[in-house]
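Report on the structure given below.
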Amino acid sequence: MAQIKITDLQKRYDNVEVLRHINLTIHDGEFVVLVGPSGCGKSTLLRTIAGLETASSGDIHIGSRLMNQVAPKDRDISMVFQSYALYPHMTVARNMGFSLEVQKRPKAEIDAAVNKAAEILGLTALLQRRPKELSGGQRQRVAMGRAIVREPQVFLFDEPLSNLDAQLRGQMRIEIKSLHQRMKNTIVYVTHDQVEAMTLADRIVVLNHGLIQQVGTPLELYDTPANRFVASFIGSPAMNFIDGKLERHEKGCGVRINTQLLLPVDEQYGHLAAGRDVTYGIRPEALELCQHNEPGALPLDITLIEPTGLSELIHGKIAGEAVSVYSMVRSGAGPGGRVWVRLDASRMQLFDRDSQQRIIKTGERANDRAA
Ligand code: ADP
């Protein structure tokens with residue numbers, strides 16, 4: 001096991017800056033997920049840690065060793081890719097032990113390593129099968145087994161679940177997480193799927209355009225996003241954003257959206273100057289259905305409802321502004337109908353309209369927003 005320390009890493013292709021000033025320490029035994037939209041640079045960062053890409057500048061240490069000039073095979077890492085790339089003519093056991101065979105390790109040692117990995121992954125009964133006799137999930141487990149037998153310091157996963165259907169992805173997610181809980185190795189895992197990032201990671205690194213937007217635990221990112229990008233990327237269904245202007249009134253302040261709509265602002269934002277252009281952020285689950293005569297009730301004109309059985313995602317407009325509401329209570333309404341909703345002001349957030357940074361509340365610790 002080992003810590004990975006990345007210092008001022010940059011990667012350029014001709015004039016295109018793919019990674020910009022990346023500084024990141026991944027602790028020994030930590031499960032870190034790199035997440036961001038397609039093209040943000042996450043695979044390049046992972047491949048640079050693996051040594052499959054060369055950095056334009058900056059340093060990578062694994063443990064205490066500077067890796068810049070070290071070949072991938074000498075970095076003591078194992079990588080699991082999206083495509084399992086198993087050898088079709090070899091059994092599961094040989095596929096898993098092949099890297100040790102290449103290293104000319106004794107047969108008894110290879111068998112022991114393969115059996116141990118097979119046991120961890122529930123593959124013992126399948127060791128004599130060939131890849132074509134396995135399901136997609138089993139093949140992915142063999143690919144992980146191949147990585148485990150080498151007992152590397154660090155595991156690198158590059159979108160390993162993207163080829164699996166939704167149900168299997170959910171299952172494999174649980175397997176990978178429990179595998180990490182048992183083995184406690186350092187894992188760097190790339191995905192574009194924020195649900196995968198939230199459910200797997202000890203800490204998440206959100207990237208956009210080659211820049212780290214925020215590093216934090218899943219709930220830190222969810223509850224205290226550094227900026228509008230992180231707030232919109234993390235969380236499904238996504239946060240609602242409505243542009244407006246801060247306004248003061250007798251009881252405190254609000255955000256004026258239009259002539260009919262003044263949204264309530266948490267008192268911890270009370271220090272802000274009136275007139276400031278802001279974006280109001282509220283997650284769909286911070287709105288709930290209520291009666292029309294309750295204090296603060298807002299009319300939501302429904303455009304579309306997505307029922308899941310467990311819940312409803314109600315899309316509509318409040319005073320002309322698009323808003324989605326996540327409701328555990330079935331509305332009984334449909335498109336064209338109207339429901340009334342109440343907003344939990346203690347869960348709203350404000351973003352500066354120009355910089356798109358989240359505005360800090362009074363009493364909030366500055367280190368909640370490490371970037
Ligand atoms: P992600 O994994 O986040 O989808 P990548 O790390 O694969 O993104 O790519 C980041 C950016 O670098 C993309 O804009 C991509 O087009 C560019 N890129 C990747 N490889 C090369 C290359 N060999 N030459 C030029 N540009 C590249």
Side-chain angles (χ1 to χ4, degrees), residues 4-26 30-62 67-72 75 77-85 140 143-144 147 154-164 166 169 172-173 176 186-216 218 221 225-236 238 356 371:
I4 302 171
K5 187 158 191 279
I6 299 167
T7 316
D8 208 20
L9 186 80
Q10 307 223 54
K11 176 72 181 170
R12 262 172 253 109
Y13 290 110
D14 302 322
N15 289 330
V16 184
E17 279 195 283
V18 175
L19 295 175
R20 298 189 268 170
H21 300 289
I22 302 289
N23 286 291
L24 178 66
T25 300
I26 296 162
E30 198 176 24
F31 196 141
V32 165
V33 177
L34 310 179
V35 72
S38 181
C40 71
K42 53 197 184 298
S43 297
T44 305
L45 179 54
L46 192 79
R47 292 169 61 79
T48 312
I49 296 171
L52 301 171
E53 303 279 353
T54 313
S56 305
S57 62
D59 290 335
I60 294 180
H61 286 84
I62 299 181
M67 289 289 162
N68 297 24
Q69 306 300 328
V70 177
R75 292 193 179 197
I77 51 165
S78 269
M79 200 152 167
V80 180
F81 296 95
Q82 181 177 343
S83 64
Y84 329 122
Q140 187 53 273
M144 284 198 275
V154 174
F155 285 97
L156 305 177
F157 286 86
D158 193 358
E159 306 241 12
L161 306 185
S162 302
N163 283 345
L164 306 177
R169 247 192 346 252
M172 291 302 294
R173 224 164 52 203
I176 292 175
T186 310
I187 294 182
V188 189
Y189 186 108
V190 160
T191 181
H192 63 273
D193 178 348
Q194 61 87 26
V195 175
E196 221 166 276
M198 290 292 282
T199 50
L200 284 173
D202 292 327
R203 279 191 308 154
I204 297 175
V205 179
V206 182
L207 282 163
N208 195 26
H209 300 306
L211 272 177
I212 293 182
Q213 302 291 313
Q214 191 171 8
V215 181
L221 266 53
N227 55 38
R228 182 172 167 168
F229 177 82
V230 175
S232 65
F233 194 80
I234 299 290
S236 175
Q356 311 236 316

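Start at 1 and go down the list; that is how both ligands and their atoms are numbered. As a basis for the values below, the full set of heavy atoms in this structure was taken, side chains included, without hydrogen atoms, waters or symmetry mates.
- Remark: Glu159 engages no residue in a salt bridge (Lys or Arg N to Asp or Glu O under 4.0 Å) (not counting sequence neighbours).
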Donor-acceptor contacts, no H, no angles, side chain residues 35-42, under 3.5 Å, sequence neighbours left out:
residue, atom, partner, partner atom, Å
Lys42, NZ, Gly36, O, 3.1
Lys42, NZ, Pro37, O, 3.3

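- By the salt bridge (Lys or Arg N to Asp or Glu O under 4.0 Å) test, Arg47 is found to be paired with Glu53, residues two or more places apart in sequence or in another chain being considered.
- Nearest heavy-atom pair, Phe233 versus His192, reported as atom, atom and distance to 0.1 Å: CZ-O, 3.7 Å.
- Phe81 and Gln140 get closest at one heavy-atom pair: O-NE2, 3.9 Å.
- Within 4.0 Å of ligand 1, protein heavy atoms belong to Tyr13, Val18, Pro37, Ser38, Gly39, Cys40, Gly41, Lys42, Ser43, Thr44, listed by chain and number.
- Between Ile6 and the options Asp59, Ile62, Leu19, Leu45, a side-chain contact (heavy atoms from CB on, under 4.5 Å) holds for only Leu45.
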